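Encoded as structure tokens, the structure appears first; notes follow it.
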Amino acid sequence: MTHSIQEQEALATSLLENKQGAKATKILQALIALKPANMDWLYYQLGLAYRIDKKWAKAANAFMQTLKLNPQLAIAAIAFGDVSVEMKAYIEAEKAYLHALQFKSVHTELAQSYLRLGTILIKNKQYEFALQAYKNALDLDKNLCTQLVEIYATLHKTFNQENKVELAQKVLERTKVIEEEIQSTSSTVEKVNDNELLLSQLYQVQEELEVYFLRNQELQKENLEKQQQLEQLTQTNTDQQQQITQLETINSDKQQQIVQLEKIYADKQQKIEQLEKAHADQQQKIEQLEKTYADKQQQIKQSEKVSENKQRLEQLEKEGVYKQQKIAQLEKNYTDQQQQLHLLEKVNTDQSQAIQRLEEDLADFSLSESRWHEAATLWNKIIFDNPQHPKAYYKRAYAQAALNNQTSIHSDDNYHKVTEMALSLPSFDTETMQPQVKYVVCSTGRSGSFLLCRQLFNSQLGIPQEYFNPNHQELISSRLGIPSANNHDYLAFLLSHRTTANHVWGMKLHWHQYQNKQLFIDNHLLDSDVKYIFLYRDDLVAQAISYHLSFVTGCWGFDETQTSVPHKVDFYDLAHIEKCYQRLIEGNEGWKTFFKQKNIEPLRIKYEDFIQNQPHHMRKIVDFLGVDQSNYTPCVAEPKEQTNSAYFNLKRQSLIDQFMLRLKK
């Protein structure tokens, strides 16, 4: 097997020498999958293969991986800098070249990189940075003196023609310094003897020995790190097994508690039935006593003997007092029973709430463990028991999105009509990637904002979503173990794990979401690197009607999934529609004031224009963001689907007509 790997490495090297980048890429990717000891060198060669085919972003990632594995491989740092220059990421290139400066053995190659950087900067008319790059090249390799004299002569002529007097003078001064160095070097070279030549050769051998020594140290360090990683993985596996055992114990305890609560509930129901039966019996006795008392009163009236009547009356009076006392005792017993009944009802309510909390905990646990079918079933039951539950709808929709196979980023060939709930799933997290381009889509509800975000997503321009919507923030934060109020760590995760491979990051923000987190957003998303896209809808009446209907139905997406509690608002409630209308006006005016106060000039896009020609506006966005054409994938326009019935559309048009009349009044 070892012999076969060596043959594949030799074949890959040969293909690289023959400039066959695509074939070399396949071989190197297969070798990297085997995870051999020389992973750093294989990643370096993979970067060379991508560079042959001018796949700059992939080449940059390969060279970055090389440097993570072996920071002392200076040629990888130089290669990463060269690719960054091609991508016009000059700051990243300069960092890479400074890293390579630590190693003397690559000064000549580094000098050539600085020379190429200077030439590209001249073409981009960044003259000051170009002159600095030429100076760095000369400091590293004095053999470039003659070549730089020729370059400076051309620049001197160009600067004079463009009337750049100071730059022309600076170039002339540097030319004189170089010429003096050339003359000094020429006189010194004549004095070099054979001993100095031997000494130079000795230094070269010494440097090669130092390289081999450093490589040996690197291999030893790698072996030690891999041993430590193995121990850490073993410990992690042990900890995970313990966590699983604890979770199983907790689940078993909860099941036992539920059984006990059900038994207590059944016992108390039986007691309540017994008390109700006793109360009915007592009521029947009271009625019998009252009837007996009435009969005796009638007997007294019918008695003809005064003495007997008087005696009988006294006796009845005594019996009446006794009966009054009995009635008072029965009333007291009834009051006590009523209090016991209320107490039992309160206990029953508390138990029902405890059972509901247990059900919610179990449903949340199912979500955290990605048991989507179980979670969807549990949240559906919670909604059935409590249709006004504030969180159950969007959590059920979150589980259903996973069950509907919306659990991965789309392929390059297919348009992925993903729902907004699905984008909170962990499968849409990317590998750690810091953004170079950041943008915010500013909008109001029902303005077509997620249609725009789907187009951006399918063009591989970030993974934009309403990240500061409390529902999405709770779902993402909870699975990361981050408190919902910890906006700082939450945003740090989004920037590093929601950035696409071309270093583009984006999000969507409604006006009321900005108001809720204004201080945090102003402190963290108002730097010069963030660009803003303002999406608005010209037909505010149609937008307000759509907003109103979403409140009524609880459906906010294209797939008619309920993600919020359906409001008890009448379909023809014009007052509620007017509130929606005013809220949209306030949102649009709020964004305009925000842009003016913050001195921001956003890219403004009207929804009605966007749906007519989606590809045209996507190209405008790409130009506005400054993304290179090779770093995004244009996607097809998304057709407008007719999901409503003809009857519903008639009702909706009737609603629009009535509201227009209301506005005219």
Side-chain angles (χ1 to χ4, degrees), residues 249-297 316-367 374-396 470-471 474 478 484 551-552 554 562 564-570:
T249 302
I250 292 171
N251 188 33
S252 176
D253 293 341
K254 287 184 177 180
Q255 289 294 336
Q256 292 177 358
Q257 290 175 359
I258 290 172
V259 172
Q260 292 174 354
L261 288 171
E262 289 176 346
K263 184 176 182 303
I264 292 171
Y265 177 78
D267 293 342
K268 292 188 175 178
Q269 280 294 118
Q270 187 176 0
K271 289 181 180 178
I272 290 171
E273 292 174 356
Q274 292 174 351
L275 287 171
E276 289 175 345
K277 185 176 182 301
H279 172 67
D281 293 341
Q282 290 172 350
Q283 190 68 29
Q284 187 177 1
K285 289 179 180 179
I286 291 172
E287 291 174 357
Q288 290 176 352
L289 287 172
E290 289 175 345
K291 184 176 183 300
T292 301
Y293 180 76
D295 293 339
K296 289 182 178 180
Q297 288 289 339
L316 288 173
E317 286 176 349
K318 290 181 180 178
E319 290 177 354
V321 171
Y322 171 76
K323 289 176 182 178
Q324 287 293 334
Q325 292 175 348
K326 189 67 175 179
I327 290 171
Q329 182 64 37
L330 289 172
E331 289 177 345
K332 182 178 182 301
N333 291 341
Y334 175 75
T335 302
D336 293 342
Q337 289 170 357
Q338 285 291 338
Q339 291 176 350
Q340 290 178 0
L341 183 61
H342 290 318
L343 181 61
L344 287 172
E345 288 175 348
K346 183 178 183 304
V347 171
N348 185 30
T349 301
D350 293 342
Q351 290 172 350
S352 298
Q353 292 175 351
I355 291 171
Q356 182 178 346
R357 286 194 295 271
L358 286 173
E359 289 176 342
E360 292 179 12
D361 290 343
L362 186 58
D364 280 331
F365 178 75
S366 298
L367 283 180
E374 178 182 327
T377 302
L378 288 170
W379 283 115
N380 199 48
K381 180 181 180 302
I382 292 170
I383 291 173
F384 180 81
D385 294 337
N386 182 11
Q388 299 300 312
H389 194 288
K391 298 182 178 181
Y393 287 89
Y394 73 83
K395 290 189 176 181
R396 179 182 66 178
N471 295 342
E474 179 183 355
S478 62
S484 296
F551 271 106
V552 173
Q562 287 182 318
S564 69
V565 178
H567 284 62
K568 295 182 179 179
V569 180
D570 185 71

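Residue indices begin at 1 and follow the sequence shown. Since we're looking at a predicted model, the values are computed, not measured.
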Original post:
Within the side chain of Tyr393, is there an N or O that forms a donor-acceptor pair under 3.5 Å with the backbone of Pro387?
Top reply: yes
Original post:
Between atom OG1 of Thr335 and atom CD of Glu331, what is the distance when rounded to the nearest 0.5 Å?
Top reply: 7.0 Å
Original post:
What is the distance from atom CD1 of Ile383 to atom NZ of Lys395, rounded to the nearest 0.5 Å?
Top reply: 11.5 Å
Original post:
Gln284 versus Gln288: any side-chain heavy-atom pair under 4.5 Å?
Top reply: yes
Original post:
If you round to the nearest 0.5 Å, how far is CD of Gln329 from NZ of Lys332?
Top reply: 6.5 Å
**OP:** Working to the nearest 0.5 Å, report the span between CD of Gln337 and CD of Gln339.
**Re:** 10.5 Å
Original post:
Taking all non-hydrogen atoms of both residues, which atom of Asp570 and which atom of Val552 are closest, and how far apart?
Top reply: O-CG2, 4.5 Å
Original post:
Hey, are the side chains of Phe551 and Val569 touching, using non-hydrogen atoms and a 4.5 Å cut-off?
Top reply: no
Subject >> pair Arg396-Ile382: side-chain heavy atoms closer than 4.5 Å >> reply: no
Subject >> pair Glu359-Asp385: side-chain heavy atoms closer than 4.5 Å >> reply: yes
Original post:
Does the side chain of Ser366 reach to within under 4.5 Å of the side chain of Leu378, using non-hydrogen atoms?
Top reply: yes
Subject >> Non-hydrogen side-chain atoms of Trp379 and His389 separated by less than 4.5 Å >> reply: yes
Subject >> Closest contact, heavy atoms only, Val565 versus Gln388 >> reply: CG1-OE1, 3.2 Å
**OP:** In plain terms, say whether Lys391 and Glu360 are close enough for a salt bridge, that is, a side-chain N and a carboxylate O under 4.0 Å apart.
**Re:** no
Original post:
With the threshold set at 4.0 Å, does a side-chain nitrogen-carboxylate oxygen contact exist between Arg357 and Asp361?
Top reply: no
